[in-house]
S.K.: 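Shown below is the structure under consideration.
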Number of protein chains: 2
Amino acid sequence: MKTERRKQKIHSVLARRQPDLTLVMENIHDPHNVSAMLRTADAVGIHEVQLVYTTQKFPRIGSKSSSSANKWIGRRKFASIPECYQQLRNEGFQILATRLDENAKQLYEFDLTKPTAFVFGNEHGGVTDEAAHLADATVYIPMMGMIQSLNVSVACAVTIYEALRQRMEKGYYSNPRFEKQILEKLKEEWLKK
Amino acid sequence: MKTERRKQKIHSVLARRQPDLTLVMENIHDPHNVSAMLRTADAVGIHEVQLVYTTQKFPRIGSKSSSSANKWIGRRKFASIPECYQQLRNEGFQILATRLDENAKQLYEFDLTKPTAFVFGNEHGGVTDEAAHLADATVYIPMMGMIQSLNVSVACAVTIYEALRQRMEKGYYSNPRFEKQILEKLKEEWLKK
C-alpha cells in the first residue's frame, strides 16, 4: 500500500517537472541557502540545477535541513561559466543572470514560459561580471524599501515562483513535459531512491 | 550632501509604503526567519507588522542579520489572535491565514490589491487553528514537488511578492498611499532614526 502511494506520488511529481526551467548556482556557499534553494526548486518543479563552483566548494548539505530536496534535484557540474552557458544554449535556454545593473530588466517583464535558466551568485559578491556579461539579460527584483538587497534564497524563491505562476497560467503543470520514454525511465530511477 | 540624499531616499521609500498590506507573525521563533521576513517586508513596502506571541517570545534580532530592516518596519503587539484580528478588521483588512487545509484557496486566486493581512505561523506548528478559523480565508502556495513544505521566510516572500506584483500593475507604488499629513510626520520621524 505504502509502495503504491509512493509510486503515485513519484508519478505525479515527475508529471509536473519542468525540464526547461533551471538554476545556475555560482559559488553559493552557505549550506542553508543552498538547501532552501533546492527545496524551493523542487516545489516549482525544477528537475536539475547547474553548479559552477570556481572559488567556493559546493557545501555539504545535511539531509535534515534540506528536507531531502537534494535527493530529488539533479546536479550538473561545470568547470566554468562559458562551459555551462554553452551547454544551456545548446539546449535552447535563455540565460538570465540575477543582478541589478544598468541594463537589468525587471523580473515581471520576462516571458518565463520560455526555456529559462536563472543564474544566482555568491552571497557576498553576487553574480560575477563574466556570468552577467555572457548572459542573455540581467534581471532584477523590484525593491521598494530602505534595504537594497534580499537574501539569495529569498530572491531565488521570488524569481522561480514567478516562473511557476506564468507556467501554471499556461497549463504547463497539467500535462507531463518529459517525453514518455524519459518519464518512464525516471520513474524507475526514482522508485529506487 | 549625504543628508540630502538620505532625505530623498526616505521620501521615496515612504512614498511607496503600502499601509494596507501587512503581516501577522504568530509565534515565529527563529531569528533568521524573522529577520528575513522583515527584510522582505521592507522590500515590498510593508510599513508595519502585527505580532501575536502567545507561546513563544519574539526573538532578539541582530542588527547585522536583518540588515537593519527591523529599524524601518513598525511593530504592533497583541495579546491574542481575536484582539489582533478585531483591530485589523476595524481597519478594513481581509485576513488571509497561510495554511494548506481543505478550504484553502490558491495564492494566485486572491485580489491582493485589497487591504490584506497575511498570517504566518510558527515553524513547527504552522498557523494555529484559532488563527485559521477566525481568518477570512486560508491560502496556500502551489507546490509541485516531492517536499510538501517551504521555509516560512520563503513562503512569506512568495506571498507578499505576489501582492507587490499585483499592486505594481495597478500603479500602487507610483503615488504615495499615505495621506499627506501622515507622510510628512513619518518623514520627520524617520530622519531622526
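Every chain is numbered from 1 and lettered A, B, ... according to where its sequence line falls, protein lines coming before strand lines. The structure presented is a predicted model; accordingly, all values stated were derived computationally and were not measured.
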S.K.: Is there any residue in residues 110-137 of chain A with a non-hydrogen atom under 4.5 Å from a non-hydrogen atom of chain B, and which ones are they?
M.R.: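 So no residue qualifies.
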S.K.: When rounded to the nearest 0.5 angstrom, what is the spacing between CG in B:N151 and OG in A:S35?
M.R.: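 The OG atom of A:S35 is 10.5 Å from CG of B:N151, to the nearest 0.5 Å.
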S.K.: Out of curiosity, does A:L88 fall in the hydrophobic cluster containing A:L21 (side-chain heavy atoms, cut-off under 4.5 Å, transitive links)?
M.R.: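 No, A:L21 and A:L88 fall in different hydrophobic clusters.
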S.K.: Output the option from A:V154, A:L107, A:V44 having the highest count of non-hydrogen pairs under 4.5 Å with chain B.
M.R.: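 Counting heavy-atom pairs under 4.5 Å, the top option is A:V154.
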S.K.: Among residues 155-165 of chain A, which residues come closer than 4.5 Å to chain B, judged by heavy atom distances?
M.R.: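 Those residues of residues 155-165 of chain A which have a heavy atom under 4.5 Å from chain B are A:A157, A:V158, A:Y161, A:E162, A:L164, A:R165.
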S.K.: Shortest non-hydrogen contact from A:A43 to B:L150?
M.R.: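 Here A:A43 and B:L150 meet closest at CB-CD2, 3.8 Å.
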S.K.: Rounded at 0.5 Å granularity, tell me how far CE in A:M144 sits from CD1 in B:I46.
M.R.: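 Reported value, rounded in 0.5 Å steps: 12.5 Å.
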S.K.: Would you say NZ of A:K170 has more than 12 non-hydrogen atoms from neighbouring residues, nucleotides or ligands within 6.0 angstrom?
M.R.: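 Counting other residues, nucleotides and ligands, NZ of A:K170 stays at 12 neighbours or fewer.
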S.K.: Identify which part of B:Q148 has an atom lying under 4.5 Å from any heavy atom of chain A, answering side chain, backbone, both or neither.
M.R.: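 For B:Q148, side-chain heavy atoms alone lie under 4.5 Å from chain A.
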S.K.: Side-chain heavy atoms nearer than 4.5 Å, only ILVMFWY residues, links allowed to pass through others: does that put B:I182 and B:I10 together?
M.R.: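 Same cluster.
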S.K.: Hydrophobic cluster membership, with links at side-chain heavy-atom distances under 4.5 Å among I/L/V/M/F/W/Y: are A:Y108 and A:L100 in one?
M.R.: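 No.
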S.K.: Could you tell me whether B:E109 atom CD has more than 12 heavy atoms of other residues or ligands within 6.0 Å of it?
M.R.: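 Check passes, neighbour count above 12.
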S.K.: Tell me the closest heavy-atom pair linking A:S149 and B:R39, and the distance in Å.
M.R.: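 A:S149 and B:R39 have their closest heavy atoms at OG-NH2, 2.8 Å.
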S.K.: More than 12 heavy atoms of other residues, nucleotides or ligands under 6.0 Å from NZ of B:K9: is that the case?
M.R.: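 Enclosed: over 12 neighbouring heavy atoms sit under 6.0 Å from NZ of B:K9.
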S.K.: Quick one: of A:R16, A:E169, A:M146, who has the most non-hydrogen atom pairs under 4.5 Å with chain B?
M.R.: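 Most heavy-atom pairs within the cutoff with chain B belong to A:M146.
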S.K.: Could you state whether A:I141 and A:V24 fall into the same hydrophobic cluster, counting links through intermediate Ile, Leu, Val, Met, Phe, Trp or Tyr residues with side-chain heavy atoms under 4.5 angstrom apart?
M.R.: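 In one cluster: no.
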S.K.: What closest approach, in Å, do A:M168 and B:P142 show between heavy atoms, and which atom pair accounts for it?
M.R.: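 Minimum heavy-atom contact is SD-CG, 3.7 Å.
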S.K.: Do B:I28 and B:I73 belong together in a cluster built from hydrophobic side chains that touch within less than 4.5 Å?
M.R.: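 Yes; B:I73 is reachable from B:I28 via cluster members.
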S.K.: For B:H11, look at atom NE2 and say whether over 12 heavy atoms of other residues, nucleotides or ligands are found less than 6.0 Å away.
M.R.: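 Not buried by this count: 12 neighbours or fewer within 6.0 Å.
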S.K.: Mark yes when over 12 heavy atoms from residues, nucleotides or ligands other than B:K180 sit less than 6.0 Å from its NZ; otherwise mark no.
M.R.: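 At most 12 heavy atoms, drawn from other residues, nucleotides or ligands, come within 6.0 Å of this atom.
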